[in-house]
Amino acid sequence: MSPSTPVPAGTSTSISNDADHRYLQDARAALRRAIPLTDSVLRGPADPETRALASDALGEQTAQLAAIVSWLDEHPLPGTPGPAALGGGSESGSGSGSGTDARAGTALTFTDRLAAESRAAIDAARAEMVSGLSRRARAIAEESVRFHCRRIAALEPTGTTSAPGPEVVAHSRG
């Protein structure tokens with residue numbers, strides 16, 4: 001089974017720790033802020049290249065969010081309310097939904113935000129891969145690193161990619 005293949009429910013993946021929960025809760029919150037931004041770019045007057053990038057990002061963000069929510073629903077922390085008690089939860093973030101900040105001098109393009117999001121996601125996923133215990137959470141983190149490395153490579157000019165290659169996830173946990 002490859003790291004990008006979802007681990008079937010009911011397999012021996014019930015071992016987890018606080019690092020797994022922290023990583024996936026933070027990733028869920030970040031995705032719930034990023035998805036409306038990405039969607040607004042698709043609905044707005046973006047150039048075709050940016051729209052294609054947003055379409056690809058939205059598909060991956062939606063898939064990642066579904067995998068994360070599934071894992072969190074299956075592995076509640078003791079003493080925390082389940083998904084029904086939380087009303088499905090929806091962290092709200094920026095609230096603006098705009099791909100750029102309209103204030104003069106502080107405009108960030110959608111691609112700048114995607115690159116920053118990818119770098120942060122890679123850092124968080126690496127921390128999960130070092131500290132987490134759940135194989136399924138690790139698989140989500142590994143897929144996140146691969147996706148975000150590809151995204152950064154697509155965003156930055158040739159030869160200037162500062163993201164690590166996918167080989168950072170090629171090693172196995174001992």
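The first residue of the sequence shown is numbered 1, and numbering continues consecutively from there. Note that the structure is a prediction, hence the values are computed from the model and not measured.
- Between Arg138 and Glu142, at least one side-chain nitrogen of the basic residue sits less than 4.0 Å from a carboxylate oxygen of the acidic one, meeting the salt-bridge criterion.
- In this structure, a donor-acceptor pair under 3.5 Å is present between the side chains of Ser70 and Arg136.
- In this structure, the side chain of Arg51 engages the main chain of Gly44 through a donor-acceptor pair within 3.5 Å.
- The two residues Glu128 and Ala19 come nearest to each other via the heavy atoms OE1-O, 3.3 Å.
- With rounding to the nearest 0.5 Å, the separation of OG in Ser131 from CZ in Arg22 is 7.5 Å.
- Nearest heavy atom pair, residue Ala137 against residue Leu24, reads CB-CD1, 3.7 Å.
- Taking the side chain as every heavy atom from C-beta outward, Arg32 and Val69 approach each other to under 4.5 Å.
- Judged purely by atom type and a 3.5 angstrom limit, His21 uses its side chain to pair as donor or acceptor with the backbone of His75.
- Here the side chain of Asp123 pairs no donor or acceptor atom with the backbone of Ala120 at under 3.5 angstrom.
- Between atom CZ of residue Phe110 and atom CG of residue Leu155 there is a gap of 8.5 Å, rounded to the nearest 0.5 Å.
- Listed here is the closest heavy atom pair of Ser144 and Tyr23: CB-OH, 3.8 Å.
- The CG atom of Leu42 lies 10.0 Å from the CG atom of Leu37; values are rounded to the nearest 0.5 Å.
- Between the CD atom of Glu117 and the OG1 atom of Thr38 there is a distance of 6.5 Å, given to the nearest 0.5 Å.
- The CD atom of Gln25 lies 5.5 Å from the CZ atom of Arg28; values are rounded to the nearest 0.5 Å.
- No side-chain heavy atom of Gln64 sits under 4.5 Å from any side-chain heavy atom of Ile140.
- Asp20 places a side-chain N or O within donor-acceptor distance of the main-chain N or O of Ser134, the cut-off being under 3.5 Å.
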Does the pair Ile152 and Ile122 meet the rule for a side chain to side chain contact (heavy atoms under 4.5 Å, CB included), with working shown?
CA-CA 10 Å; Ile152 289 173; Ile122 289 168; 3.9 Å; yes
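- Taking hydrophobic clusters as Ile, Leu, Val, Met, Phe, Trp and Tyr residues chained together by side-chain heavy-atom distances below 4.5 Å, Leu31 does not share a cluster with Phe147.
- The residues Arg43 and Asp39 are annotated as salt-bridged, a charged nitrogen and a carboxylate oxygen being separated by less than 4.0 angstrom.
- Side-chain contact between Val41 and Leu58: absent, with no pair of heavy atoms (C-beta onward) separated by less than 4.5 Å.
- Taking 4.5 Å as the limit, some side-chain heavy atom of Met129 sits within range of a side-chain heavy atom of Val145.
- A salt bridge is defined here as a Lys NZ or Arg NE, NH1 or NH2 lying under 4.0 Å from an Asp or Glu carboxylate O, and Glu60 with Arg151 fails to meet this definition.
- At least one donor-acceptor pair under 3.5 Å links the side chain of Ser118 to the backbone N or O of Leu114.
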